[in-house]
Amino acid sequence: MSSLQTLLAPSISISFSSSNSKPCYSPLESLEACSSMAQLKQNHAHLTKLGLSSDNDAMGRLIKFCALFNDGDLGYALHLFDTLPHLDAFIYNTLVRGYLLRRQAADCIVLYLRMLQDSVLPNKFTFPRLIRACSVDGAVEKGAQIHAHVFKFGFANDGFCLNNLIHMYVDFKALENARKVFNKMPRRDVVSWTTLISAYAQLGLVDAAFEVFERMPERNSVSWNAMIAAYVQSNRFHEAFALFNRMRAENLALDKFVAASMLSACTRLGALEQGEWIHKYIRNKGIELDPKLATTIIDMYCKCGCLEKAYETFKGLTYKSISSWNCMIGGFAMHGKGEAAISIFKDMEKQGIVPDNITFVNILSACSHSGLVEEGRYYFQYMTRVHRIEPMMEHYGCMVDLLGRAGLLDEAKKLIDQMPMTPDVGVLGALFGACRIHGNFELGEQVGKRVIELEPNNSGRYVLLANLYVKAGRYEDMANVRRMMNERGVKKVPGFSVIELEGEVNEFIAGGRDHPESKEIYAKLDEMLDRIRAIGYVPCGAEGVVEELDEEEEKENPLNYHSEKLAIAFGLLKTKAGDTFRITKNLRVCRDCHHASKLISKVFDREIVVRDRNRFHHFKDGECSCKDYW
């Protein structure tokens, strides 16, 4: 028993002087009950009077509060540390933790060197934090030295130390070293295996990560989530769904991390039915709906085209974080419901939630997608005037897009010229697109060439400039742009469309015939085109003598066989009049598909919800929610 414990042992219990009195704590218990630096200093003075200012147990408790608690003071902890004549590993470890909590990684190593100079032996709690400090600081050489000390001081078989070493080498992108540590481990636990899976995934080696996953003798939810997240982050959504279905088949419980990863996959693919199943599972199993998971659910519904359920989920939250408000405003924005986005923003302010820069990006985007020019101008000024938020690149991009789409090209260019920073490709790209829409060839050519130089590998930029030349009848310049693309090896991004029906995700590419129901789909496509031709459909590509380059689909495939039309034909096969189906497209909807979709919605009595690269289109009764403003 330490000197402190011996002194205080008889007086540990709490006593009361009367029914209205507060409890009287012993000095030791007072340390545990401490909640502020003022209290701590009182306790320090009391312990000094008791002659315990050099007692490691007593001073260690004071140092722990100062170093590790939010209301502590690391400077005071160091002052106490310097007064102790005989330091021990606990006190050193506590201060290392304190430095690490404050991201002062280099100081952790300095303190460790002093620990060695003071001949204090490190213990098994010392090295994991030192290893993490090296990771945080990117200290490769020091990390290797700490690795050597792990072995030197006899912790070569400590799983906690070794798992942290694997993680450190992963952070250093030193996969071979991570594998060496893993391969030499006498006992590998689930953390070891999962860390290696994450290592391969971070380096883009997803197939190697899956091999490790398959070799695991046992798995927990963290392992499953690591592998599912690896597929999601590398855009391999079908494999993520396959693994998720396998997890369900093995009757393994989902936690909030697996749920969040799969909701992200549902969001990217537009897999609403799968997303709804996961949301229902979260509710039924009572999984904690923290702000991050709540926002992920709202985002899934917004981006899967079900704005009503997104809003229903949002309204049902007992606590709405700033991210939830931003997500809901952004959801209304991408669906072209600018007035609703502004209404939500006003509710947010009434409830005392302070908006941030993301809030205003979403508000300005809502104005842009809905053509609310005056409102956009107002909120662009409002963010600075009321909330002291200086416009960032994204805010300028939204304003240029808003003004450009409205045909106010001079005002858009003037805004760019007044920017306090050099405009990036997003800002200039917005102006470039507006020049094409409104036929400003001179400004469009000037900005287009600048955009291509800023983003030389983006095929869409070349396509827009080539189309601008086509509209101006400058076919030789258009050919030069195509030649430039070929010389630079720039390939157009292939278009694809995804539709989820009956819980199955179906993907289509332009002219593709790999689907098992391909014959029926093409027959339905022919019927679909015949019926809309009967009410006046003329393919947009047939309007001019020279067909424009198409960013959305390769021109080797006729307009009739664009991926979106194939997905719509499949949707018509699987639904009946009055139904709604949803399609997700990786690129912007082309003019012809947009025109055709309006007519199809009328002739076949369907609501067709399409999410393209920029926004949502709700086709119904021959109209689109974007009002042709896209």
Side-chain angles (χ1 to χ4, degrees), residues 237-238 241 263 265-279 300-310 312 331 334-336 495-510 512 514-529 531-532 537 552-553 560-590 592-626 630:
F237 304 116
H238 294 291
F241 276 109
L263 286 167
C266 294
T267 300
R268 296 290 294 275
L269 277 182
L272 177 61
E273 291 177 38
Q274 294 268 18
E276 286 179 313
W277 185 92
I278 295 168
H279 185 197
M300 181 274 295
Y301 280 126
C302 286
K303 290 178 179 173
C304 286
C306 196
L307 200 54
E308 299 81 7
K309 287 199 173 181
E312 179 185 314
M334 73 176 72
H335 283 266
F496 67 83
S497 296
V498 173
I499 179 171
E500 183 202 31
L501 287 169
E502 300 170 352
E504 292 289 327
V505 176
N506 300 267
E507 184 175 311
F508 296 91
I509 61 171
D514 291 337
H515 196 280
E517 296 180 67
S518 178
K519 184 178 179 181
E520 293 84 354
I521 291 168
Y522 274 86
K524 192 68 178 179
L525 177 63
D526 290 338
E527 177 199 342
M528 182 178 85
L529 294 172
R531 290 183 63 179
I532 62 175
Y537 167 68
E552 288 67 35
E553 312 277 2
N560 292 350
Y561 300 146
H562 279 189
S563 63
E564 184 184 340
K565 289 192 178 76
L566 293 173
I568 290 175
F570 181 71
L572 294 177
L573 274 175
K574 300 296 180 180
T575 60
K576 61 184 184 300
D579 284 350
T580 299
F581 58 85
R582 295 169 174 84
I583 294 169
T584 299
K585 188 175 175 66
N586 68 322
L587 298 170
R588 185 177 60 85
V589 174
C590 74
D592 181 73
C593 286
H594 190 270
H595 176 49
S597 297
K598 290 195 290 185
L599 298 175
I600 293 164
S601 71
K602 181 177 182 179
V603 170
F604 289 89
D605 187 21
R606 304 287 202 282
E607 181 174 357
I608 305 169
V609 181
V610 177
R611 183 181 102 199
D612 73 5
R613 186 177 60 195
N614 296 328
R615 61 168 299 154
F616 271 89
H617 302 266
H618 294 252
F619 299 101
K620 188 175 182 181
D621 298 327
E623 301 292 336
C624 179
S625 60
C626 77
W630 99 102

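Worth saying up front: this structure is predicted, and the values here are computed from it rather than measured.
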So, the side chain of [X] versus the backbone of [Y]: is there a donor-acceptor pair under 3.5 Å, distance only?
X	Y	result
S518	D514	no
R606	T575	yes
S601	G622	yes
N586	F496	yes
N506	E504	yes
R582	I499	no

Exercise. Does K519 have any salt bridge (charged side-chain N to carboxylate O under 4.0 Å, His left out) partners at least two apart in sequence or in another chain, and if so, which?
Worked result: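 Salt bridge (charged side-chain N to carboxylate O under 4.0 Å, His left out) check on K519 returns nothing, list empty.
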
Any [X] side-chain heavy atom under 4.5 Å of [Y] side chain:
X	Y	result
L269	T584	no
H562	D592	no
F616	C626	no
F619	I600	no
S497	L566	no
L307	C302	yes
I521	F508	yes

Exercise. Is the shortest side-chain N to carboxylate O distance from K574 to E517 below 4.0 Å?
Worked result: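 Looking at E517 together with K574, the answer is yes, because their closest N to O distance falls below 4.0 Å.
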
Out of curiosity, [X] [atom1] to [Y] [atom2], how far, rounded to the nearest 0.5 Å?
X	Y	atom1	atom2	value
L587	S563	CG	OG	8.0 Å
I583	D612	CD1	CG	12.0 Å
F581	I568	CZ	CD1	6.0 Å
Q274	C304	CD	SG	10.5 Å

For this session: Check C624 against K598 and note the closest heavy-atom contact, atom names and distance.
Result: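 The answer is N-CD, 3.9 Å.
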
For this session: Looking only at non-hydrogen atoms, find the nearest pair between R611 and T267 and report the distance.
Result: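 What the structure gives for the nearest pair is NH1-O, 2.6 Å.
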
For this session: Test the R531-F604 pair against the cation-pi criterion, namely NZ or CZ under 6.0 angstrom from the six-membered ring centroid and within 45° of the ring axis.
Result: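 Output yes; distance and angle both within limits.
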
For this session: Applying side-chain hydrogen bond (donor to acceptor under 3.5 Å, both in side chains) between Y301 and each of K309, E276, H279, report the one that passes.
Result: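 The option that passes is H279.
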
Exercise. In terms of ring plane angle, is the pair H335 and H618 parallel, tilted or perpendicular, where the classes change at 30° and 60°?
Worked result: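 Rings of H335 and H618: tilted, 30 to 60°.
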
Problem set entry | Test side-chain contact (heavy atoms from CB on, under 4.5 Å) applied to V505 and F237, step by step | CA-CA 10 Å; V505 176; F237 304 116; over 6 Å; no

